[in-house]
Amino acid sequence: MTFRIALIAHDKKKDDMITLASEYRAFLSGCTLVATGTTGGRLQDEVGLTVERKHSGPFGGDLQIGALLVEGQIDCVIFLRDPMTPQPHEPDINALVRACDVHNTPCATNMASAHLVLSQLQQRAA
């Protein structure tokens, strides 16, 4: 089974996303991945994953991923959020998280929940 996973990380969480993706690289390389712009670029360059890149979050990338989710094209979202730094596109972030809730799509917003979600998906794929 191939999972369709969205990967998003705020600026101060991008290094965490690289660490997480590196740990799950073998699993993620068999998934269909979509990410916001800068995060996707780093995942490609630093981890070697194939990623469909959308716009950067502040330029609508969160909304683009939300649209895919609403259309049933995303199975889970890993969104490493920085709760300590205000984001200029906070309404877009809230809309994406709300879409996850409305469509009953798993949404991990920190490293602990990301590990839980990815390890569960990895077990299902085996």
Side-chain angles (χ1 to χ4, degrees):
M1 174 175 211
T2 299
F3 292 102
R4 302 162 298 181
I5 301 175
L7 302 167
I8 307 164
H10 286 154
D11 288 344
K12 291 185 179 178
K13 299 295 181 174
K14 287 189 189 332
D15 289 342
D16 288 343
M17 179 64 79
I18 297 305
T19 299
L20 182 73
S22 296
E23 183 176 339
Y24 289 92
R25 185 186 184 291
F27 166 67
L28 291 173
S29 65
C31 296
T32 299
L33 304 177
V34 61
T36 48
T38 307
T39 301
R42 287 194 60 187
L43 289 166
Q44 287 175 331
D45 295 343
E46 297 175 40
V47 186
L49 293 170
T50 300
V51 181
E52 178 186 344
R53 292 174 63 193
K54 298 298 184 183
H55 290 290
S56 177
F59 292 97
D62 299 330
L63 292 174
Q64 288 177 302
I65 289 174
L68 292 172
L69 187 145
V70 168
E71 294 297 323
Q73 297 178 37
I74 299 292
D75 296 314
C76 84
V77 176
I78 306 297
F79 191 166
L80 301 183
R81 297 170 47 171
D82 177 5
M84 304 308 283
T85 304
Q87 301 295 323
H89 59 297
E90 194 70 34
D92 298 348
I93 295 164
N94 292 337
L96 175 58
V97 173
R98 181 179 179 279
C100 288
D101 291 342
V102 167
H103 294 277
N104 201 32
T105 301
C107 180
T109 60
N110 59 53
M111 287 292 279
S113 59
H115 279 288
L116 289 171
V117 168
L118 290 176
S119 64
Q120 180 64 35
L121 292 177
Q122 188 173 34
Q123 286 178 8
R124 285 187 180 183

When every non-hydrogen atom of G57 is compared with those of D92, the smallest separation belongs to O-OD2, 4.3 Å
Rounded to the nearest 0.5 Å, the OG1 atom of T85 sits from the CG atom of D11 at a distance of 8.5 Å
The side chain to side chain contact (heavy atoms under 4.5 Å, CB included) partner of K54 among I65, L63, I8 is I65
Which pair of heavy atoms, one from L69 and one from C100, lies closest together, and at what distance?
CD1-SG, 3.5 Å
Assigning hydrophobic clusters by single linkage (Ile, Leu, Val, Met, Phe, Trp, Tyr; side-chain heavy-atom cutoff under 4.5 Å), is L80 placed with F3?
yes
Does the D75 side chain pair with the main chain of R4, one donor and one acceptor, at a distance under 3.5 Å?
yes
Under a 4.5 Å side-chain heavy-atom rule over Ile, Leu, Val, Met, Phe, Trp and Tyr, are M17 and V97 clustered together?
no
Are the side chains of Q44 and R53 in contact, using a 4.5 Å heavy-atom criterion?
yes
Rounded to the nearest 0.5 Å, how far apart are OG1 of T36 and NE2 of H10?
8.5 Å
Kindly indicate whether the side chain of R42, heavy atoms from C-beta on, has any atom under 4.5 Å from the side chain of D15.
yes
Against K14, only a single residue in D82, T19, T39 fulfils side-chain hydrogen bond (donor to acceptor under 3.5 Å, both in side chains); can you say which?
T39
Does any non-hydrogen side-chain atom of H115 lie less than 4.5 Å from one of E23?
yes
Report the distance from atom OG1 of T109 to atom NZ of K13, rounding to the nearest 0.5 Å.
10.0 Å
Is there a path from L121 to F79 through hydrophobic residues (I, L, V, M, F, W, Y) whose side chains come within less than 4.5 Å of each other?
no
Step through it carefully: locate the ring centre of H89, locate the ring centre of F59, and say whether they are under 6.0 Å apart.
no
Would you call H103 and I74 a side-chain contact if the rule is heavy atoms closer than 4.5 Å?
no
Would you kindly confirm whether I93 and V77 end up in one hydrophobic cluster when ILVMFWY residues are joined by side chain heavy atoms under 4.5 Å apart?
yes
Which pairs would a plain distance check flag for residues 26-35, meaning a side-chain donor or acceptor within less than 3.5 Å of a matching protein atom at least two apart in sequence or in another chain?
residue: S29; atom: OG; partner: R25; partner atom: O; Å: 3.3
residue: S29; atom: OG; partner: A26; partner atom: O; Å: 2.8

So if you build clusters from Ile, Leu, Val, Met, Phe, Trp, Tyr with side-chain heavy-atom gaps below 4.5 Å, do V117 and I18 land together?
yes
Please find the pair of heavy atoms, one from A21 and one from L43, that lie closest to each other, and give the distance.
CB-CD2, 3.4 Å
